[in-house]
Amino acid sequence: MERLNFQVIEKKWQEKFKSLKLYNNSPDSKKFYCLEMFPYPSGKIHMGHVRNYTIGDVIARYKFLNNYNVLHPMGWDAFGLPAENAAKSNKENPKDWTKKNIEVMKKQLQQLGLSIDWDLEIATCDKNYYKHQQELFIDFYNNGLVSRKETYVNWDPVEKTVLANEQVIDGRGWRSNAVVERKKLSQWFFNITKFSNNLLSDLEKLGGWPEKVKLMQKNWIGKSFGCEIKFELSSETSKINIFTTRPDTIFGATFIALSVDHPLSKKFINSNEFQEFKNECNKTGTTEESLANAEKIGFDTKLFAKHPFIKEKKIPIFFANFVLMDYGNGAIFGCPAHDQRDFDFAKKYNLEVIKVVSDKQEEELKEAYTGDGVIINSEFLNNLNVENAKEKIIEEIEKRGIGKRKTLFRLKDWGISRQRYWGCPIPIIYLEDGSIVPVDKSELPIELPEDINLNSPGNPLEYHPTWKNTIQRSTGKKATRETDTLDTFVDSSWYFLRFCSPNFKQKPFDEKKINYWMPVDQYIGGIEHAILHLLYSRFFTKALKDCNKEFKISEPFQNLFTQGMVCHETYKDQNGNWLYPEEIEKEGLNKAKKKSDKSSVVVGPPESMSKSKKNTIDPEIMVKQYGADAVRWFMLSDSPPEKDVQWSDIGVSSANKFLQKIWNLNYLVANRKVKKPNNQDEKDIIQGVNSFLNKIDLSINNFRFNVCIANFYEMYNFFRKYLDTNVSEKILKDNLTKIMKLMIPFTPHLAYECLELLDCKSINKWPEIDKKNLKEEIKMAVQINGKTRDILTIKKDLVENEINSIIQNSSKAKKFLENKKVVKTIFVKNKIINYII
RNA sequence: GCCCUCGUGGUGAAAUUGGUAGACACAAAGGACUUAAAAUCCUUGCCCUUUUGGGAGUGCCAGUUCGAGUCUGGCCGAGGGCACCA
């Protein structure tokens, strides 16, 4: 068998891919913006990147071959904490560390043979990038989209920085895993909540997004309908404003619960008991166990509120640990009969339980009834159902002027301040008179200083001897700079716009280019960004449209694909230490030995590759050993791309074997002597290949790359049979050329090498599918009473009578029909015939 | 607790959306070629039958249908999202 030295040909073709551009500028070309989520330059690429970028490359090359004008850029999400951490431990500047990683990873990506236009490369830590980000910040500021709030923040005591809510997982920092503390700080916010409604309703426009992702965003935005109701206190003049989604249960209200941060708490500032209670509440709150067990506790204020609809009725007021200050008004009314939480609370403090929605049961409630039903015990609401009662009571509340209809969102404004060095400086200055203003745009970029000390705790910008001190350009007044930097999610919220004109100097982007290339036609990345990155990018796009009349885009990503993770089994030695795959030797399915001392190893189930579990495989080593094409091929072959895939050395090695067979096939065809043509064989091969083209085209369009690859195997098995038949050299070559063109998106090096060997002249054009020349024969099932008794291989489009006579003459099913009366026949053309006897 | 998704051979998975279940591949067993190995190729794959055949079968239980992996209801199991959101 003829073998191919993939290292040689991959090098050869990568030279050509270096300056590869997928631009088709012919008048009938449509644009296609193919984007994969850009990587954080952490050191080396990992298998997740290989999968992500291979999928993107297939799409980009496929679209290009189909005459699209394709934008396929790549860049670096280059600001972030790891650079600072690495700098601390290696005594290296974060900038140099990042730059070095970018060089390594770029080379690795090039070794995969990706079709990227590297002339568009950007790095978010480059001042030419963050300069424009600072401009955008100022634009947002001037358009009322930035605010400064003093709030409690999630303080990570290990990282010494503020975390976004989304970066807190089960009460712990997402990176450090340290228990997060509450701390009050002045912070910058993007007013993402101004767009709550828009972000929610526009989800409907995103037909090309996975339903799952849209649902997650919907839940995150969390819209709820209800109303506010004012409760008068019986002893005071002040009022308590509550929010409820169940105003229909107002007649079942038996207590009011307030957050410990509610304004009314000021009355209790000197009460030791209250302070104790407040401390108790703060203790629970963030740790995982406390949330799980979450006992409801309250503090009786001994105050009462007047029921707004029942004269004389007084309702006790409590502070309670389960009421949050930052949702609604930090106050609720409790209706124990129809809310489980209120029910638990009422049982604990012996409060009244009044049923106002009938559950059709006589006995006392054992738990809250939250279903629909007929309203009872509620005066003018009686006999209505829940939905109608809600409407009626809101009308009544508004009529009496004691409250109003209201819609609430869970989504909170986006805190963007970070007390870190390696990020985009916030272009704000503080004047001596206390005013806070953005810097003049002419001063941008506000550059990060490079002479910093990373080994002192806290933010190096704060402690830099001079950086902070500046003057306001327009007035010459003394000022100090904001020392916080922007959350790195800001960097990735508009990079897809910068790619459209990465070298544009005057502005963040050239609107003409944006309005041509945007929106991204296909965005590809990990599901872990389902909420944060995608929601922030959507917000940015909408905010920009508000700030800039020439900007016409309202949603950034037309189609979204979220690929699954790459998994590998894990290994632990006898002492429970993780081992790398190269440290062990497998001895069967679930047995392994440590190479060094032959001790036995515990083989764990496949889990997503991570450095901490040491179950990683280095893509670069695999590429060296099996070739980039084989690695790409395997990545796509084993599982549907949206599902997790398990890495297997055997899998990649057999991918390599198959590609060698493909090469051998090309070699044989290229060197084959002319044979006498046989019409039937030639017709068969033309129809067969044409049918495969059709199948593969369909599978690519549906992102079913694993099916696609199965089709290639089938096609190979089909095609090689014709090598020894009477098919002319030309027919064989023409058809193999078509097949190799189909392989370009998957294994570009091999495909181009083979096309060169076959002397193909039009390599950058997808083969046309001749729909009239698809397979003429089909397989049809013959069933008796729903049981398949025979499978006929027959001509397409035969009618029932013709089928009947074939069966009567020769089918295996014939004997089941002898001497039987057919009651009914179900006939589906080209699929099935079913006789009921 | 609430919400969502998914259960198909020893394994990864296909199944034109209600019409041949297990394509394609991996692994395994047997065989061919070879002095031998590697490579390559072929066969097998649950139950009964020597074969021809026949039967069961897509997590479990029902239902709709001529026909269900696919639709409906209930149960069991796995994974993911949210977290006291009023």
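Residue numbers begin at 1 in each chain, while the letters A, B, ... track the order of the sequences.
The residue among T788(A) and Y716(A) whose nearest nucleotide of RNA chain B is located toward the 5' end is T788(A). Both V828(A) and D339(A) lie near RNA chain B, and the one whose nearest nucleotide falls closer to the 5' end is V828(A).
Nucleotides G69(B) and C75(B) place their P atoms 22 Å apart, quoted to the nearest Å. Nucleotides G22(B) and G59(B) are separated by 16 Å at their P atoms, to the nearest Å. For A56(B) and C47(B), the C1' atoms lie 7 Å apart once the distance is rounded to whole Å. If you take atom C1' in A68(B) and the same atom in C33(B), they sit 47 Å apart, rounded to whole Å. U20(B) and U58(B) have their C1' atoms separated by 15 Å, with the value rounded to a whole Å. As rounded to the nearest Å, G45(B) and A23(B) have P atoms that lie 12 Å from one another. Separating the C1' atom of U65(B) from that of U70(B) is a span of 13 Å, rounded to the nearest Å. A15(B) sits 28 Å from C66(B) when the P atoms are compared, rounded to a whole Å.
Counting to the nearest Å, the C1' atom of C85(B) and the NZ atom of K406(A) are 13 Å from each other. When rounded to the nearest whole Å, the span between CD1 of I709(A) and P of A23(B) equals 18 Å. Per the geometry, CD belonging to Q217(A) stands 12 Å off P belonging to C82(B), to the nearest Å. L200(A) places its CG atom 15 Å from the C1' atom of C85(B), with the value rounded to the nearest Å. Between N785(A) atom CG and G19(B) atom C1' there is a gap of 15 Å when expressed in whole angstrom units. What separates CD1 of I833(A) from C1' of C66(B) is a distance of 12 Å, to the nearest Å. Atom CE in M216(A) sits roughly 15 Å away from atom C1' in C2(B) (whole-Å rounding). Put simply, CG on L659(A) is 17 Å from C1' on U40(B), counting in whole angstrom units.
Ion pairing between E642(A) and R704(A) fails under the 4.0 Å rule for side-chain N and carboxylate O. Using a 4.0 Å cut-off between charged side-chain N and carboxylate O, K796(A) and E777(A) make no salt bridge. Taking 4.0 Å as the cut-off between side-chain N and carboxylate O, D261(A) and K278(A) count as a salt-bridged pair.
At least one side-chain heavy atom of T249(A) sits under 4.5 Å from a side-chain heavy atom of R246(A). Looking at heavy atoms from C-beta onward, F225(A) lies out of side-chain contact with K406(A) at the 4.5 angstrom threshold.
K787(A) comes within contact range of the sugar-phosphate backbone alone, with a heavy-atom separation under 4.0 Å but no base atom that close. As judged by a 4.0 angstrom heavy-atom cut-off over every strand, L324(A) is placed among the base-contacting residues. Residue-level contact check: I826(A) touches the bases, meaning some heavy atom is under 4.0 Å from a base atom. Residue-level contact check: Q340(A) touches neither bases nor backbone, having no heavy atom under 4.0 Å from any strand. At a threshold of 4.0 angstrom between heavy atoms, the contacts of A710(A) include nucleobase atoms, whether or not backbone atoms are also involved. Across all strands shown, V645(A) has no heavy atoms under 4.0 Å from either base or sugar-phosphate atoms. Counting non-hydrogen atoms under 4.0 angstrom, S224(A) reaches the backbone sugars and phosphates but no base. At the heavy-atom level, F243(A) lies under 4.0 Å from base atoms of the strands shown. The residue K829(A) sits apart from the nucleic acid: no heavy atom pair falls under 4.0 Å. If you check every strand for non-hydrogen atoms under 4.0 Å, I836(A) touches sugar and phosphate atoms only.
Partner assigned to A39(B) is none, using Watson-Crick or G-U wobble distances below 3.5 angstrom. The partner of U64(B) is absent, by the rule that a Watson-Crick or G-U pair needs both atom distances under 3.5 Å. The base-pairing partner of U5(B), taking Watson-Crick or G-U wobble contacts with both distances under 3.5 Å, is A78(B). Base pairing of C26(B): its partner is G10(B), meeting the Watson-Crick or G-U wobble criterion (both donor-acceptor distances under 3.5 Å).
With its glycosidic angle within 90° of 0, U17(B) adopts the syn conformation. Taking 90° from 0 as the syn/anti boundary, the base of G73(B) is oriented anti.
Within the structure, every side-chain polar atom (N or O) of R3(A) is placed at least 4.0 Å from both OP1 and OP2 of U40(B). In terms of phosphate contacts, K779(A) brings no side-chain nitrogen or oxygen within less than 4.0 Å of OP1 or OP2 of A23(B). Distances shorter than 4.0 Å separate some side-chain N or O of N717(A) from OP1 or OP2 on A25(B). For the pair N706(A) and A14(B), the criterion of a side-chain N or O lying under 4.0 Å from OP1 or OP2 is met. Between R789(A) and G55(B), a side-chain N or O to OP1/OP2 separation shorter than 4.0 Å is present. Phosphate proximity of A13(B) to K643(A): present, with a side-chain N or O under 4.0 Å from OP1 or OP2. The phosphate of C85(B) (OP1 or OP2) has a side-chain N or O of R341(A) nearer than 4.0 angstrom.
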Check the interface with nucleotides 69-79 of chain B: list each N/O to N/O pair with the protein under 3.5 Å, or write none.
none

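Using cut-offs of 30° and 60° for the angle between ring planes, the F658(A) and Y713(A) rings count as tilted. Relative ring orientation between F251(A) and F309(A) is described as tilted, the plane-to-plane angle lying within the 30° to 60° band. Ring orientation note: the planes of Y349(A) and F345(A) are tilted relative to one another, at an angle of 30° to 60°. Ring geometry, F712(A) versus W633(A): the interplanar angle falls from 30° to 60°, so the pair is classed tilted. Taking the six-membered ring where the residue is Trp, F561(A) and F703(A) present parallel rings, their angle staying beneath 30° rather than reaching 60°.
Comparing atom distances between the E714(A) side chain and each of A39(B), A23(B), C85(B) picks out A23(B) as nearest. Checking C85(B), C82(B), C84(B) against every side-chain atom of K412(A), the shortest atom distance belongs to C85(B). Picking from U40(B), C42(B), C66(B) the nucleotide with the shortest atom distance to the side chain of R720(A) gives C42(B). Looking at the side chain of Y327(A), the nearest of the listed nucleotides A13(B), C82(B), A86(B) is A86(B). Of all nucleotides listed (G67(B), A86(B), U17(B)), U17(B) comes nearest to the side chain of K831(A). Of the candidate nucleotides G12(B), A27(B), A86(B), A27(B) has the atom nearest to the side chain of I650(A). Of the listed nucleotides (C85(B), G19(B), C4(B)), C85(B) has the atom at the smallest distance from the side chain of R410(A). Nearest to the side-chain atoms of L215(A) among the listed nucleotides C3(B), A14(B), C82(B) stands C3(B). Distances were taken from every side-chain heavy atom of K824(A) (C-beta onward) to each of C24(B), C66(B), G81(B); the shortest belongs to C66(B).
Side chains of D638(A) and N706(A): a donor-acceptor N/O pair is absent below 3.5 angstrom, by distance only.
Sparse packing is recorded around NZ of K779(A), with 12 or fewer heavy atoms of other residues, nucleotides or ligands lying under 6.0 Å away.
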